[in-house]
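Everything on this sheet refers to the single structure shown next.
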There are 2 protein chains.
Amino acid sequence: MKKKLSIVDIANQLNVSKTTISFILNGRAKEKRISEELVERVMKYVKEVGYKPNSLAKSLRTGKSNTIGLMVEDISNPFFASIARLIEDRAYKNGYKIIYCSTDNDTHKTQELITMFRDRHVDGYIMAPPEGIEEDIIALLKDGMPVVMFDRHLPMVNTDYVEIDNLFSTYNATRHLIDQGYKNIAFVTFASEQTQMKSRVQGYKDALGASNLKQNILEVVFNQNEDLIIEPITDFLTKNKKLDAVLFGTNHIGTCGLKVISAMELSIPKDLAVISFDDYDVFKLHSPPVTAIAQPVEEIADNVITVLLNKLNARMEAQRPQSITLKTDLKIRKSSLKIK
Amino acid sequence: MKKKLSIVDIANQLNVSKTTISFILNGRAKEKRISEELVERVMKYVKEVGYKPNSLAKSLRTGKSNTIGLMVEDISNPFFASIARLIEDRAYKNGYKIIYCSTDNDTHKTQELITMFRDRHVDGYIMAPPEGIEEDIIALLKDGMPVVMFDRHLPMVNTDYVEIDNLFSTYNATRHLIDQGYKNIAFVTFASEQTQMKSRVQGYKDALGASNLKQNILEVVFNQNEDLIIEPITDFLTKNKKLDAVLFGTNHIGTCGLKVISAMELSIPKDLAVISFDDYDVFKLHSPPVTAIAQPVEEIADNVITVLLNKLNARMEAQRPQSITLKTDLKIRKSSLKIK
DNA sequence: GTGAAAGCGCTAACAC
DNA sequence: GTGTTAGCGCTTTCAC
């Protein structure tokens with residue numbers, strides 16, 4: 001177990017002061033007019049012995065940790081998992097590490113996690129915030145921490161966010177069902193005040209309203225336990241036999257919905273047409289393939305990290321918060337077509 | 001933006017030395033025989049002003065960061081995502097944070113990531129190691145870092161790992177196909193020397209051998225790009241028309257395989273019976289539902305973190321590395337039954 | 001151009 | 001029982 005060497009060891013070995021080494025290592029040699037020859041000698045030696053600065057000490061001194069805190073609803077949800085993956089890649093490429101956690105949409109848990117992140121001195125925050133966390137975020141911002149939200153935002157909090165056009169997404173999907181001739185269209189969503197869910201409901205309502213159709217909305221609770229989602233949907237579909245189409249507000253609800261439909265032995269789209277939010281393997285491979293509102297995950301991740309890196313690099317000039325809205329893509333498949 | 005207070009501020013405010021504060025905060029009051037009255041006064045004040053010790057300084061001093069490095073193949077793969085989620089929960093509950101990354105099974109990338117983790121002074125490593133990383137892990141172990149592997153292990157590296165009984169899993173699945181009357185059973189796997197993949201192939205071979213059946217193995221390359229998996233499978237299935245069953249060696253291959261089968265308009269199980277590794281929504285919801293080898297993800301995560309925490313807490317006594325092997329569960333569904 | 005030294009906030013050996 | 005003090009390894013001001 002070779003002892004870790006420090007900047008002092010290097011300095012002693014080379015008969016130079018540690019200040020000089022520090023300057024050279026931080027690329028400030030030119031600025032400090034350190035001789036090229038010395039720079040080269042130091043660099044060579046450093047590489048030779050494989051010296052790595054202690055990032056902890058560096059962070060303690062500079063107050064920067066080169067770490068980004070990422071908070072998603074649930075890392076095992078495919079939407080968040082892919083976003084996390086893409087953000088991870090981009091962050092590492094820019095010298096940042098990611099610490100992540102799943103909030104479960106739980107305000108209290110999220111508060112604790114924010115505290116943990118603060119403790120660890122993360123340089124910036126990326127999050128899909130749960131409800132009721134406004135105060136904590138505002139406190140963060142007040143202390144000068146960059147925060148970028150995605151998937152949803154908090155109307156009372158003035159910070160950057162990247163979202164999709166939720167309203168148009170469901171409006172468009174609902175219109176598609178109407179155009180196909182469906183008349184009793186249901187919408188299943190989480191009971192939630194989150195912006196994205198509210199817009200999704202609104203888009204659905206708007207589309208129905210424009211055609212004078214009746215609303216059928218089911219709200220389920222957000223929960224890790226699938227049974228708590230499956231049960232109310234089963235109930236709902238059993239009681240509303242007239243429904244001829246259903247739009248699921250999230251991928252998780254969509255997956256659960258498909259399980260219910262399969263258990264009830266309903267035929268898609270003959271008995272019930274289906275559209276779900278988020279496009280992924282379960283929907284693509286389903287028989288029949290399920291029409292889905294595809295979110296541009298790569299674009300979302302790209303935008304999120306770009307916005308955050310900008311803020312991180314330009315801490316000085318407090319720029320105006322940006323809000324970015326991206327388009328979704330309705331992937332039309334058999335599950336939503338009308339059978340003649 | 002209120003200035004962060006330090007232990008010195010507390011000490012001054014209370015007219016006590018910072019050592020005393022430190023002892024009290026670290027629960028060593030009893031041991032140091034500090035008066036209960038003082039302890040109470042300090043605790044009360046600390047809570048009142050919301051003082052939080054600077055964990056960076058603490059880490060610098062103690063050499064402990066309370067961080068665990070988690071390396072998976074790909075965080076967006078549902079198997080790894082669920083494991084990560086479970087490990088995350090358990091780790092947080094025990095006061096550890098997780099830094100994670102996806103290795104892409106790329107040795108070079110993994111080396112860089114290990115370096116990053118070392119830089120950040122993680123206390124322990126959890127990883128599903130790619131091939132060729134033996135040296136780096138051995139170096140880690142030599143420096144006294146706890147490393148726990150899962151999903152696979154490195155035969156040349158003597159450290160703890162948690163795995164499933166891969167050999168029996170595929171043996172059993174293959175036997176099931178044979179019992180159903182299938183005779184031309186293929187196995188699709190990643191071209192890999194990793195222990196888990198080798199055992200999976202072996203299990204398949206053993207089962208066939210016992211029944212004197214011919215092997216049909218397709219090896220595809222590990223790649224993020226699905227097309228590079230879909231294409232060879234398409235090719236393979238097109239060229240081997242006699243096949244009547246196929247066993248997919250991982251969930252990702254299984255998903256790709258289903259896409260191919262769907263594109264080729266083969267009927268499951270009439271034209272081709274199917275079994276895949278890993279049980280998740282895509283397989284459960286498929287029509288017909290796909291027989292799958294279910295890994296006990298919770299058990300895996302539990303064991304991994306338990307083993308690691310043990311090592312972390314008992315750094316002194318170098319215990320013998322443990323290897324834990326868990327059982328899988330073959331979920332038999334329609335896709336592998338013989339149609340009469 | 002280079003070096004000495006202060007200090008980031010904390011812990012722990014040692015002194016009293 | 002409590003306080004003094006020496007670092008952990010680094011950056012950066014200021015002096016030469």
Side-chain angles (χ1 to χ4, degrees), chain A residues 2-43 45-46 49-67 95 118-123, chain B residues 2-43 45-46 49-67 95 118-123:
Chain A
K2 60 170 183 282
K3 212 177 136 286
K4 259 282 201 175
L5 353 83
S6 82
I7 199 168
V8 184
D9 299 320
I10 308 287
N12 288 342
Q13 205 56 233
L14 260 38
N15 275 318
V16 198
S17 104
K18 60 174 183 168
T19 312
T20 311
I21 307 285
S22 173
F23 283 146
I24 295 178
L25 257 29
N26 290 307
R28 301 178 56 188
K30 279 267 149 46
E31 173 190 338
K32 294 291 173 184
R33 286 181 255 180
I34 293 169
S35 71
E36 293 231 343
E37 182 251 338
L38 212 181
V39 172
E40 209 156 292
R41 203 153 60 87
V42 170
M43 290 310 244
Y45 184 72
V46 162
V49 296
Y51 164 74
K52 289 269 173 190
N54 180 328
S55 60
L56 244 32
K58 197 168 182 161
S59 297
L60 177 60
R61 186 58 230 243
T62 59
K64 274 205 67 181
S65 65
N66 277 294
T67 307
R118 292 208 79 146
D119 280 7
R120 308 229 84 231
H121 297 248
V122 302
D123 295 332
Chain B
K2 59 172 183 284
K3 206 171 142 292
K4 260 281 205 178
L5 356 82
S6 83
I7 199 167
V8 185
D9 300 320
I10 308 286
N12 288 341
Q13 206 53 234
L14 260 38
N15 274 318
V16 198
S17 105
K18 59 174 183 168
T19 312
T20 313
I21 307 285
S22 174
F23 283 144
I24 294 178
L25 257 30
N26 290 306
R28 301 177 58 187
K30 279 267 148 47
E31 175 189 338
K32 294 292 173 183
R33 287 182 255 179
I34 293 170
S35 71
E36 291 230 344
E37 183 252 339
L38 214 191
V39 171
E40 210 156 290
R41 201 153 61 87
V42 170
M43 289 311 244
Y45 184 72
V46 162
V49 296
Y51 163 76
K52 289 270 174 190
N54 181 327
S55 61
L56 243 35
K58 195 168 182 160
S59 298
L60 176 60
R61 187 59 234 239
T62 58
K64 274 205 67 180
S65 64
N66 277 296
T67 307
R118 292 208 77 146
D119 279 9
R120 308 229 86 228
H121 298 247
V122 302
D123 296 331

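A note on names: the letters A, B, ... follow the listed sequences, proteins ahead of strands, and every chain is numbered from 1.
In this structure, B:His121 places its NE2 atom 15 Å from C1' of C:dC10, rounding to the nearest Å. Between B:Leu56 atom CG and D:dT11 atom C1' there is a gap of 14 Å when expressed in whole angstrom units. Summarising the geometry, the separation between CD1 on B:Ile21 and P on D:dG3 is reported as 9 Å, rounded to the nearest angstrom. What separates NZ of A:Lys64 from C1' of C:dG9 is a distance of 20 Å, to the nearest Å. Taking atom CG of residue B:Leu5 and atom C1' of nucleotide C:dC8, one finds them 15 Å apart after rounding to whole Å. Rounded to whole Å, the distance from CD1 on A:Ile24 to P on C:dG3 is 10 Å. Atom P of nucleotide C:dG1 and atom CD of A:Glu36 are separated by 12 Å, given to the nearest angstrom.
Listed for the B:Asp9 side chain is a donor-acceptor partner under 3.5 Å among the backbone atoms of B:Ser6. The main-chain N or O of B:Ser65 is found under 3.5 Å from a side-chain atom of A:Arg120 such that the two form a donor-acceptor pair.
B:Leu38 comes within 4.0 angstrom of the backbone, heavy atoms only, and of no base. Within 4.0 Å (heavy atoms only), A:Ser35 reaches sugar-phosphate atoms of the nucleic acid but no base atom. Among the atoms of the strands shown, base atoms are found under 4.0 Å from some heavy atom of A:Leu60.
Other residues, nucleotides and ligands place more than 12 heavy atoms under 6.0 Å from the CD atom of A:Glu31.
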>> The test is side-chain contact (heavy atoms from CB on, under 4.5 Å); show your working for A:Asn54 and B:Leu60 and say whether it passes.
In response: CA-CA 9 Å; A:Asn54 180 328; B:Leu60 176 60; 4.0 Å; yes

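Residue A:Phe23 forms a side-chain contact (heavy atoms from CB on, under 4.5 Å) with just one option from A:Lys18, A:Lys32, A:Lys30, and that option is A:Lys32.
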Using nucleotides 11-13 of chain C, report all nitrogen or oxygen pairs with the protein that are shorter than 3.5 Å.
{"from": "C:dT11", "atom 1": "OP1", "to": "B:Asn26", "atom 2": "ND2", "distance (Å)": "3.3"}
{"from": "C:dT11", "atom 1": "OP2", "to": "B:Ser22", "atom 2": "OG", "distance (Å)": "3.0"}
{"from": "C:dT11", "atom 1": "O2", "to": "B:Arg61", "atom 2": "NH1", "distance (Å)": "2.6"}
{"from": "C:dT11", "atom 1": "O4", "to": "B:Lys18", "atom 2": "NZ", "distance (Å)": "3.2"}
{"from": "C:dA12", "atom 1": "OP2", "to": "B:Arg28", "atom 2": "NH1", "distance (Å)": "3.1"}
{"from": "C:dA12", "atom 1": "N6", "to": "B:Thr19", "atom 2": "OG1", "distance (Å)": "3.0"}

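Expressed to the nearest 0.5 Å, how far CD1 of B:Ile10 lies from OG1 of B:Thr20 amounts to 13.0 Å. To the nearest 0.5 angstrom, B:Ile7 atom CD1 is 6.0 Å from B:Leu25 atom CG.
The side chain of B:Tyr51 contributes an N or O atom lying less than 4.0 Å from OP1 or OP2 of C:dC10.
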